[in-house]
Amino acid sequence: FQEYEKKWQKYWEEKQVFKVEIDKSKPKFYALDMFPYPSGAGLHVGHPLGYIASDIVARYKRIKGFNVLHPMGFDSFGLPAEQYAIQTGQHPAITTEKNINRYKEQLRNLGFSFDWSREIRTSNPDYYRWTQWIFLQLFKSWYNNDTDRAEPITELIKRFNNEGNININAACDEDTPMFTAKDWKEMSEREQQEILAKYRLTYLADTMVNWCPALGTVLANDEVKDGVSERGGHPVIRKKMSQWSMRITAYAERLLKGLDTLDWPEPMKEMQRNWIGKSMGAELLFQVEGLDVDIKVFTTRVDTTFGVTYLALAPEHPLVEQLATPELKEQVNQYVETAKNRSERDRMSDVKTISGQFTGSYAINPFNNERIPIWIADYVLAGYGTGAVMAVPSSDTRDYAFAKHFNLPIIPVQEGEHTDISKEDFDPKAGTMINSDFLNGLTVKEAIQKAIEFVEKKGIGKGKVNYKMRDAIFSRQRYWGEPIPIYYKDGIPYAFDEKDLPLVLPEIDEYKPTETGEPPLGRAKNFKTKDGYPIELNTMPGWAGSSWYFLRYMDPQNKERFVSKEAESYWNEVDLYIGGAEHATGHLLYSRFWNKFLYDIGYVSSEEPFKKLINQGMIQGRSNFAYRVTGTNKFVSYNLRKQYDTTPIHVDVNMVYNDVLDIEAFKAWRDDLKDAEFILEDGKYICGSEVEKMSKSKFNVVNPDDIVEKYGADTLRLYEMFLGPLEQFKPWNTNGIEGVHKFLKKLWKLFHDDAGNLNLSDAEPSKEELKILHKTIKKVEEDIERYSFNTSVSTFMICVNELSALKCNNRSILTDLTIILSPYAPYIAEELWSLLGHGTSIIHASFPQWKEEYITEDSFEYPVSVNGKMRAKISLPLTLSKEEIEKRVLESDSVQKWLDGKDPKKVIVVPNKIVNLVV
RNA sequence: GCCGGGGUGGUGGAAUUGGUAGACACGCAAGACUUAAAAUCUUGUGUCCAUUAGGACGUGCGGGUUCAAGUCCCGCCCCUGGUACCA
């Protein structure tokens, strides 16, 4: 394999074998992998898993006559390169280039059929010019809820001029004021731009952001996990900053609905649904006693309004100050301060402590005019709903706990299942209403309906849909990202002219933020437009470039458009997308958003970008341990370790084979182990093992290059598929690799003599050989079509075992076999194919059709069970009717023996499957 | 807590529609070839009883439906992924 892998790599490259062009005579297939971020560590055996699967599908589809787009590229803007640059002063572009080259070399060694002529890099100006272009389109668009799509902002301005915004139903900021055409015309330029910002799909606004001091940048919600940054695990605090945002919330409903049309794993769809977090409810106004203000609350349980015993406001709520009565002002201020200073993380990790503060003010329950106290409580979140809740302790566990803690009244409004507040499983979502005047006796569902009608009729609120999802923060205070094509005139942001793109990332001498706290781009000299206006210093987040790259692959060199109409309409959407599940609420959601937007403005023809998605599972590391007897330099073998007091130490997995330690290598590993002594079992040192994440520090990283060197790329590819279902998380374990390696050798030997010369028979293939071949074709085809790669490899092994038992070396069998093999083990398949005397390296022959006539026999062996127990096997012709089968089975001696002279009460015959007798 | 996914030999896993559970591979054991080893080949390998023939048990636990359950239903246990004071 060392020899012919090299040979074919060279051949494929020289002949550009996998280069693909639009070909309308063939159906298209777009097989895409999530492109990697080129990190300094290179690929480990886990990375190629998904690429192998998509490559198998790509090759299979080619053989089936599809024109296959199977590209690869690099998500080359990112944090690690920048952090490395800050430390070393080396330009991130240099590190990135170096890493990409290493990645490409490793990918090349694995024999993927990527069309490298379509390679893209997000950090390349020819690419990010179009990322900037899309940004500008978003800036120049607003979302019209009436037509349910994005429209040009120029249309909106026209309407403002004609009628103001009174009849406009748009996705816009909550605090957008109403104005007439006259008002609009009288506004200053600045005022108009501020209004437009409330409508634009990307806009500059003061927003509460997740600020990560250690990284010196803001993070999107999906980049924060448990109050710390996903990358690096640094603490994150909430801070108000002027930031660019993407109005993804405008698309919330469509992003949710679109999920139903997708062939994605259910958990993945569920994660996006949860993230979007749609809830239906109502907004309700509570008048404050003695003040001319209303408190707006959002509730999903408007039916329980008769049970409201207090209102609770988030500490950040704007009305807090106004509501605090003079006597309580000090306590209120103190409470608000403490709550604000508590980091998000504390607030989350400490959900059991109940805290709150009475404001001294009261509100009026609009349903029954009862007077209810207004509290401030940190269990109410400023960022969700209206930042205020109506508390119904009898129907909500949190309100209940709060009311108990502060001795507030509790009014039951439901009876039935789970409504008993003294019980542990208290969580009333069912039952009938009580103590609720006109709602009494209704079910929860009916009561909600009626209560909303009541609220709307009385004008004290309205039914409302609420989403958990927030707009996406789009500014990053970093160097190594796409510059935002915006300049400022009198502090007002304006879009770049599209003709001036790309706005190229300027050179700077250091990559840190400036002393004055400006983003790194603040260091750039003359970072101004040609008219001398200052340019935005923030850059785009990591997900910008990856949100549309699948479109650029269709037409990567186009200078006029991000993708030509022709290429876009031919390749359309991604037919198969393979990648990790960790992108559920990040990349996959943003890509769907941008694609829908581009669809709205007429640049792409499918609303959803990824028709079919598969999440490959992570390949974990399998760490090995040696057991040092505490205080000595003696190591005791795994099964004897209990007899000693030991400390396990990580052992480099490359020194361990089938859990047996290579003692010499171990001694040579580190200086302090030179004189190590060993307590062996059966003459061997057995290591312990544990499954952990693959990482350098755990000495469990397996480099694909090593495997390729020892066994070849074909073996590695087959083995990764053989390891188990693609979607599953599984530890890497080299133990079984010999099995697939042996299979390839066996196949090779089938058609070669001992001297290594091709040894083929040109005789007509026997019926038996054909049967094996076509059985394999049928099964392998079915398996690939349902993406079950592990079972299809097994099918292959059975095929070779059977052919080998027949000593089959038939040329025509080999030809067909090679075609089936090529998706899995491309090198060996191409080598065999060329040995057969076929000149080309792509196997153009179509996947041979399996034939029914080869797979059937003239008889079938029926398993026969009596009272559910298998008792006999009877061979019968296939052509028999149900009745005849029944008759022949009953007559047979072996069945008579089990029936013991009795007649069966019931006979069940399933043709081609089974016969069951009930006595 | 809530929402997903899962639990099958010594191990990774197979069983596609309710129809012979354990395919395929690893490991292990025995044998052939060899002076020997490696490689290769052959045979065996769920557990228990039995010399054999054969039998009993067996897919996390307890029930149920069915002629027939790894698969369907009810109630638990455990592992795992996501998510969370989301009103």
Side-chain angles (χ1 to χ4, degrees), chain A residues 225-226 265-275 277-279 281 297-302 304 312 314 347-348 350-354 377-381 383-392 395-399 401-402 425 427 466-469 581-582 584-585 615 617-618 658-659 719 722-725 727-731 733-740 742-743 745-746 749 754 779 782-783 785-786 788 790-799 801 804-805 861-873 904-908 910 912-919:
Chain A
K225 294 266 143 78
D226 301 325
E266 202 46 51
M268 192 68 19
K269 294 201 218 177
E270 206 51 38
M271 272 190 246
Q272 290 208 349
R273 282 189 197 111
N274 288 338
W275 186 261
K278 181 179 183 174
S279 57
V297 303
F298 173 74
T299 178
T300 55
R301 294 294 306 277
V302 63
T304 62
R347 249 165 103 166
M348 282 204 286
D350 178 27
V351 293
K352 289 204 179 70
T353 319
I354 295 163
D378 69 356
Y379 79 86
V380 182
L381 302 175
Y384 182 73
T386 61
V389 303
M390 56 174 232
V392 187
S395 294
D396 183 283
T397 45
R398 292 154 305 169
D399 297 346
F402 192 85
D425 64 347
D427 182 23
N466 212 11
Y467 297 94
K468 255 197 290 194
M469 184 169 66
E582 66 275 17
T585 52
N615 297 121
M618 206 203 305
N658 282 347
D659 285 341
Y719 183 56
F722 184 72
L723 218 45
E727 302 86 349
Q728 210 162 82
F729 278 60
K730 56 215 155 203
N733 184 345
T734 320
N735 290 353
I737 200 165
E738 297 282 354
V740 290
K742 256 190 266 184
F743 151 71
K745 282 203 275 190
K746 212 166 175 177
K749 273 186 2 200
D754 293 340
K779 182 79 167 45
E782 285 169 357
D783 285 340
E785 295 283 358
R786 65 185 177 106
S788 176
N790 55 331
T791 52
S792 65
V793 175
S794 297
T795 307
F796 237 114
M797 291 182 176
I798 298 168
C799 165
N801 283 343
S804 149
E861 200 169 48
Y862 283 86
V864 180
S865 74
V866 180
N867 289 338
K869 300 255 181 211
M870 300 312 307
R871 292 304 186 192
K873 281 177 185 171
K905 288 180 194 147
K906 200 167 169 189
V907 178
I908 297 149
V910 183
N912 283 0
K913 275 193 178 166
I914 200 162
V915 179
N916 255 287
L917 308 172
V918 185
V919 182

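Here is the naming used below: chain letters follow the sequence lines, and residue numbers restart at 1 for every chain. Only heavy atoms go into these numbers, but all of them, side chains included; no hydrogens, no water, no symmetry mates.
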Can you tell me if the side-chain N/O atoms of N615(A) get under 4.0 Å from OP1 or OP2 in G81(B)?
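No, because none of the side-chain N or O atoms of N615(A) sits under 4.0 Å from OP1 or OP2 of G81(B).
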Is the phosphate of C86(B) approached by R398(A) (side-chain N or O, under 4.0 Å from OP1 or OP2)?
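Answer is yes, contact under 4.0 Å.
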Identify whether any heavy atom of [X] sits under 4.0 Å from a base atom; if not, whether one sits that close to sugar-phosphate; answer base, sugar-phosphate or nothing.
{"X": "E270(A)", "value": "sugar-phosphate"}
{"X": "I798(A)", "value": "sugar-phosphate"}
{"X": "K742(A)", "value": "sugar-phosphate"}
{"X": "D399(A)", "value": "nothing"}

Which atoms form the tightest heavy-atom contact between Q272(A) and A584(A), and what is the distance?
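Closest approach of Q272(A) to A584(A), heavy atoms only: NE2-O, 2.8 Å.
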Which atom names give the shortest non-hydrogen contact between V297(A) and T386(A), and what distance separates them?
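For V297(A) and T386(A), the tightest heavy-atom pair comes out as CA-OG1, 3.3 Å.
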Sort out the partner of C2(B) for me: Watson-Crick or G-U wobble, both distances under 3.5 Å, none otherwise.
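Result: G82(B).
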For C28(B), which nucleotide is its Watson-Crick or G-U wobble mate, given both distances must be under 3.5 Å?
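Here C28(B) is engaged in a pair, and the nucleotide opposite it is G44(B).
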Using the [atom1] atom as the point on both nucleotides, what is the distance between [M] and [N], in whole Å?
{"N": "G9(B)", "M": "C48(B)", "atom1": "C1'", "value": "14 Å"}
{"N": "C73(B)", "M": "U65(B)", "atom1": "P", "value": "15 Å"}
{"N": "A23(B)", "M": "A15(B)", "atom1": "P", "value": "13 Å"}

Among the candidates A25(B), U40(B), A87(B), find the nucleotide nearest to the side-chain atoms of Y384(A).
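Nucleotide nearest to Y384(A)'s side chain: A87(B).
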How would nucleotides 8-15 of chain B be written as a contact map, 5' to 3', with B for base contact, S for sugar-phosphate-only contact and - for no contact, using protein heavy atoms under 4.0 Å?
----BSSS
For N274(A) and G5(B), give me the distance from atom CG to atom P, rounded to whole Å.
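Atom CG in N274(A) sits about 13 Å away from atom P in G5(B).
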Between atom CG in N466(A) and atom P in A87(B), what is the gap in whole Å?
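Spelled out: CG on N466(A) to P on A87(B) is 8 Å.
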In chain order, what residues pass the side chain to side chain donor-acceptor pair (under 3.5 Å) check against S279(A), with sequence neighbours excluded?
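Testing S279(A) for side chain to side chain donor-acceptor pair (under 3.5 Å), a comparison that skips the adjacent residues, returns Y384(A).
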Does any N or O in the side chain of N274(A) come within less than 3.5 Å of the main-chain N or O of G277(A), such that one atom is a donor and the other an acceptor?
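Answer holds: no.
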